[in-house]
Amino acid sequence: MPALGIVLLALAGCSDEGAPPAAVAENTSPAPAATSAPAAPVAAAPVPDGEVDVAALMSGQVLPDVVIGRADAPITIVEYASMTCDHCAAFHANTYPTLKRDYLDTGKAKLIVREFPFDPRAVAASMLARCTPGENGRTAMVDALFEQSESWAHADDAASRLMSIARMAGFTEESFRACLSDADLQAKVVATKDRGASEFGVDSTPTFFVDGKKYRGALPPEQFAAILDAAAR
């Protein structure tokens, strides 16, 4: 099937594994001074679901890693994500802003998002992100696709919805079609997924590796912060 045809298929969805855990409730009521009630506990870091060799994780990629944050940040987060995954979109909406503000922008950690498409639409979206022009084009397109996922990921007219998003990023109809007709790029996107599955045990999205330790699901900000704070110690 020609690469362009993938945006026309009415296939969508992601693995239901790794559902987001419940967020830790925040106690905003001050305790009476007379009782000196203890403060609510800080969220604990979840137990990692295994660990992989960091050197292997960071080498041999068929597509160049795009670093969000400072390249020399001491903590490395690798996220495997599918662009049509509702859990991935939820993480991007609910946890990523805090992660970026408190850890990526401050130089404490860096994030690398790798392709793990579960369906043809996710392959197409990943390809468009890779084709987006500009120094931060790929990251900006990933942001836009997650933020607008309800408009295209499960829509009947996914091709036109993706085209609308792509136009805002500077694509013409010709460059849009050229990107989605790039068989080499399509193969590399799929190869990235295949390697994540075969070498690092990724089977659901989002899956994160924090300095090689594996965590699954759309973790809330409190738990993700706890993971990173533990990694910094």
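Asp203 and Tyr80 share no donor-acceptor pair across their side chains, judged by distance under 3.5 Å alone. Between the side chains of Ser204 and Arg216, at least one donor-acceptor pair of N or O atoms lies under 3.5 Å.
Side chain of Asp65 to main chain of Ile112: no donor-acceptor pair is present (N/O by atom type, distance under 3.5 Å, no hydrogens or angles). Looking only at distances, a side-chain donor or acceptor of Asp119 sits under 3.5 Å from a matching main-chain atom of Ala122.
Classification of the Phe116-Phe118 ring pair by plane angle, with boundaries at 30° and 60°, yields perpendicular. Using cut-offs of 30° and 60° on the angle between ring planes, the pair Phe176 and Phe171 is perpendicular.
Evaluated for a side-chain hydrogen bond (donor to acceptor under 3.5 Å, both in side chains) with Lys100, the options Asp105, Thr106, Thr95 yield exactly one hit, Asp105.
A salt bridge is defined here as a Lys NZ or Arg NE, NH1 or NH2 lying under 4.0 Å from an Asp or Glu carboxylate O, and Asp184 with Lys188 meets this definition.
Both tests do not hold together for Lys214 against Phe209: distance to the six-membered ring centre under 6.0 Å, angle to the ring axis within 45°.
Checked against a 6.0 Å centroid threshold, the rings of Phe224 and Tyr215 do not count as neighbours.
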Identify each donor-acceptor pair in which a side-chain atom of residues 132-139 lies under 3.5 Å from a protein atom, sequence neighbours left out, and give them as a table.
{"from": "Thr132", "atom 1": "OG1", "to": "Leu128", "atom 2": "O", "distance (Å)": "2.8"}
{"from": "Arg138", "atom 1": "NH1", "to": "Val113", "atom 2": "O", "distance (Å)": "2.9"}
{"from": "Arg138", "atom 1": "NH2", "to": "Val113", "atom 2": "O", "distance (Å)": "2.9"}
{"from": "Arg138", "atom 1": "NH2", "to": "Glu115", "atom 2": "OE2", "distance (Å)": "3.0"}

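No more than 12 heavy atoms of other residues, nucleotides or ligands sit less than 6.0 Å from atom CD of Glu150.
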